[in-house]
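Okay, structure first, notes after.
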4 protein chains.
Amino acid sequence: MARPRANRKALILKAAIKVFARHGFARARTAAIAREARVAEGTIYNYFKSKDDLILTIFEQTWRDLIQALRAALDPIRDPIQKLAVVLMTVLDLFEADPMLAEVFLVELRQSGKCFSNQPMSVILEFLDLLEAILKEGIAQGVIRKDINTKIARGLLFGAVENIVLGWLLRKTHPDLFKKEKPYTLAEAKETLMKLFATGFFVTPSHR
Amino acid sequence: MARPRANRKALILKAAIKVFARHGFARARTAAIAREARVAEGTIYNYFKSKDDLILTIFEQTWRDLIQALRAALDPIRDPIQKLAVVLMTVLDLFEADPMLAEVFLVELRQSGKCFSNQPMSVILEFLDLLEAILKEGIAQGVIRKDINTKIARGLLFGAVENIVLGWLLRKTHPDLFKKEKPYTLAEAKETLMKLFATGFFVTPSHR
Amino acid sequence: MARPRANRKALILKAAIKVFARHGFARARTAAIAREARVAEGTIYNYFKSKDDLILTIFEQTWRDLIQALRAALDPIRDPIQKLAVVLMTVLDLFEADPMLAEVFLVELRQSGKCFSNQPMSVILEFLDLLEAILKEGIAQGVIRKDINTKIARGLLFGAVENIVLGWLLRKTHPDLFKKEKPYTLAEAKETLMKLFATGFFVTPSHR
Amino acid sequence: MARPRANRKALILKAAIKVFARHGFARARTAAIAREARVAEGTIYNYFKSKDDLILTIFEQTWRDLIQALRAALDPIRDPIQKLAVVLMTVLDLFEADPMLAEVFLVELRQSGKCFSNQPMSVILEFLDLLEAILKEGIAQGVIRKDINTKIARGLLFGAVENIVLGWLLRKTHPDLFKKEKPYTLAEAKETLMKLFATGFFVTPSHR
DNA sequence: AATGAATGAGTATTCATTCAT
DNA sequence: TATGAATGAATACTCATTCAT
């Protein structure tokens, strides 16, 4: 009788991320995940209810880890602007460190019926709420303009970040699609993003 | 001589958008599309190579129509800022007028292997290029700041818009997910977006 | 309005032989036959009830032509041995002149449900009866041994000829399957066949 | 650990022979094979790549078994004539014992693209080579006439035997096609065949 | 007769999930 | 727990045939 290797669950999850990233959720085979995790197919079902449960768990767990990390990192910071910078940095660092996770996140999860069921949405909303709280804090402190709808503003931030990472990722994985362009680093992206969200596209007295 | 009944192709395409929006691409049945279009299943394959071809065609055709409309609308305008506003307005109008199309666009198409194959990416890039051209024009005219990477900035714009529309759509189709929130109109969203991209989040001399 | 081109039926039949020979009956498409015959798909059904009817017609017509030709050729001949030689020559000549017809005949038609339904079998039996009549004539004349079952003997002749032609055909169409062998002509085959059926494999006083 | 129930593969193969014999390859349903084998449809695909693979396996395995049996039976025999008799007997016995197998063999397998691909042809050639070796042995011993092309002669033998079995089979399965005839036994057929191949059709000094 | 667009019945195969060991 | 053989539901697509023109 085989003894359970430690961390079977984490092992399977990691394998699933790899396979989902490689083939996409729909074309990913549970057999491939099992092989990647060096586990029997049936074993997956000792830890997860279904293939859907696998991607949902990846999604949820990553968000939870991210939010927890964010709360810790944000706690000592007072300046809302600084807080936004930290959020951005944390997110970009996460995906830069684990591009396969980024792929699964950015590409696979928008399929309705997964992303938009209550379970994963509630954790996205938690992240959005965190963003909104920062905006509101900034408004209260008089640092951030108050003539904006914070619900809209937070989504705007979210989408911008998401697209930045997606663009960066695609330039890495499908360089042929962007033949004439030179890739950018996430650091550059972060800088541009902060500039634009801080003071906008326009040339105004505020930036020379 | 048997002539094809007119509209067949457009009819099928419209039916497909409806069914894809309702069930998602993966769970959509070709039988349902045929029924919706009041056409035999086989007829679909007289006009489209496969189910994939169907969604790809929707994707590509919509982009092409959009880009064409944009070029026409932008042509008489000189002010780059005004141009950005027109782009935004055109996109939001399109999706507001056809929420099912928006659903298919925003949700189904990011699945890799469809979205990231050359075919659909090239038309997305065309749109991104159009955005970038406006930014560059603004920079040349001295209206838009020049200390930004336009490749990054255009993606940032794109993502922000995409997320705005997605948020608006979800609030319409899954109101339960946003129980405590009041929905916003695309008009509101447009305003906030323009404000933020114009002069940024920060409170500066430029806005009171 | 298009005037019927002469020989539409024969034209279609010829195209069908070509397509059946190329792809086999099961994989042959009616569309391909129509294209080959430069005719609309629907036109085929003005002349033939179905795809099955096509191959059945080819089968039956070829046999009828062959039998008719045989009767004419055999009529003036008295010697049964000579008659057998003429039968053999006529059959081999037919297939040598039209290898595509041979392919369809030898390969496609054995599929049960076609070959073994009454229609085509009755014409095969007509051919077998013709063979048997020659054998019986030979027996009556004392030229052919009488200690054989003529039903069996005629099938034996038939199978031998069939296989000779099949072997010859395969060596032409799939030479790679017989790499080490040098092909033989139907003339050689006829000679060997006549020798063996005349006096057998054994070395006896009758052949040195 | 789940062990495969024994016999599965053989069980499915047997069921396939039955169903192919009953309906013909093209009209045979995988569902019917599964039902016949009392196995789930999917199980078939644990053992065979496809429906084609099923009939190819039947074909190849039967030939291999036959050839093996022949080698064993022929080994102790010296007389080439006797060897030919043994070959004939072995083949006829096989098909007499398993008429369904005979049906599949004789009827279904000539369809090009199956029979004429390298795989099954190579095993047929092995059988033909075996026949030819006997003929050559007979020639070397001076028992069999040397003025024949052994390539042609072996095909002639093959075809004759094939047709004998086919005729016998048809008389069993479609007696209506041969209304006026009395069926023959394979024993009779063997005798006639041996006589004819030994000393031929002609009345000569060698047979009274 | 000729056309060819429309039709829709028909089916092999896949693969997530189960369960006997 | 772990295994992996067995399961069987589920479905896009083909193509012979029809029929309105």
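Throughout, protein chains are lettered first and strands after them, A, B, ... in sequence-line order, and every chain is numbered starting at 1.
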Query raised in the report: Just checking A:Ala28: base, sugar-phosphate only, or nothing, at a heavy-atom cut-off of under 4.0 Å?
Result: sugar-phosphate
Requested in this report: Give one of base, sugar-phosphate or nothing for D:Ala32, where a contact means two heavy atoms less than 4.0 Å apart.
Outcome: nothing
Query - Minimal non-hydrogen separation, B:Ala16 against B:Ile58, with atom names - result: CB-CD1, 4.1 Å
Any side-chain N or O of [X] below 4.0 angstrom from OP1/OP2 of [N]?
| X | N | value |
| --- | --- | --- |
| A:Arg29 | E:dT14 | no |
| C:Arg8 | E:dA1 | no |
| D:Arg27 | E:dA12 | no |

What is the base-pairing partner of [N], counting Watson-Crick and G-U wobble geometry with both distances under 3.5 Å?
| N | result |
| --- | --- |
| E:dA1 | none |
| F:dA12 | E:dT11 |
| E:dT21 | F:dA2 |

Report summary line: Exactly one of D:Arg29, D:Arg22, D:Lys14 clears salt bridge (Lys or Arg N to Asp or Glu O under 4.0 Å) with D:Glu36, and that residue is D:Arg22
Nearest to side-chain heavy atoms of [X], which nucleotide of [options]:
| X | options | result |
| --- | --- | --- |
| C:Thr30 | F:dA5, F:dT17, E:dA5 | F:dT17 |
| D:Ser50 | E:dT17, E:dT13, E:dA6 | E:dT13 |
| A:Thr43 | F:dT3, F:dT7, E:dT3 | F:dT3 |
| A:Glu41 | E:dA6, E:dA1, F:dG4 | F:dG4 |

Query raised in the report: Closest nucleotide of DNA chain E for C:Asn46 versus for D:Gly42: which of these residues is on the 5' side?
Result: C:Asn46
Figure out the [atom1]/[atom2] separation between [X] and [N], and round it to whole Å.
| X | N | atom1 | atom2 | value |
| --- | --- | --- | --- | --- |
| B:Phe20 | F:dA12 | CZ | C1' | 12 Å |
| D:His23 | E:dT11 | NE2 | P | 11 Å |
| A:Arg38 | F:dT3 | CZ | P | 12 Å |
| C:Ile33 | E:dG4 | CD1 | P | 17 Å |
| C:Tyr45 | E:dA1 | OH | P | 17 Å |
| D:Ile44 | E:dT14 | CD1 | P | 12 Å |
| C:Lys51 | F:dT18 | NZ | C1' | 17 Å |
| B:Arg35 | E:dT7 | CZ | P | 15 Å |

Query raised in the report: Out of C:Phe20, C:Phe25, C:Phe105, which one pairs with C:Phe59 under the ring-ring contact (aromatic ring centres under 6.0 Å, His included) rule?
Result: C:Phe105
Query - Separation between CG of A:Leu106 and CG of A:Leu169, rounded to the nearest 0.5 Å - result: 6.5 Å
Query - Exceeds 12 heavy-atom contacts within 6.0 angstrom, atom NZ of A:Lys18 - result: no
Requested in this report: Take D:Arg8 and D:Asn46, measure what side-chain contact (heavy atoms from CB on, under 4.5 Å) needs, and give me the verdict at the end.
Outcome: CA-CA 10 Å; D:Arg8 275 290 209 271; D:Asn46 286 343; over 6 Å; no
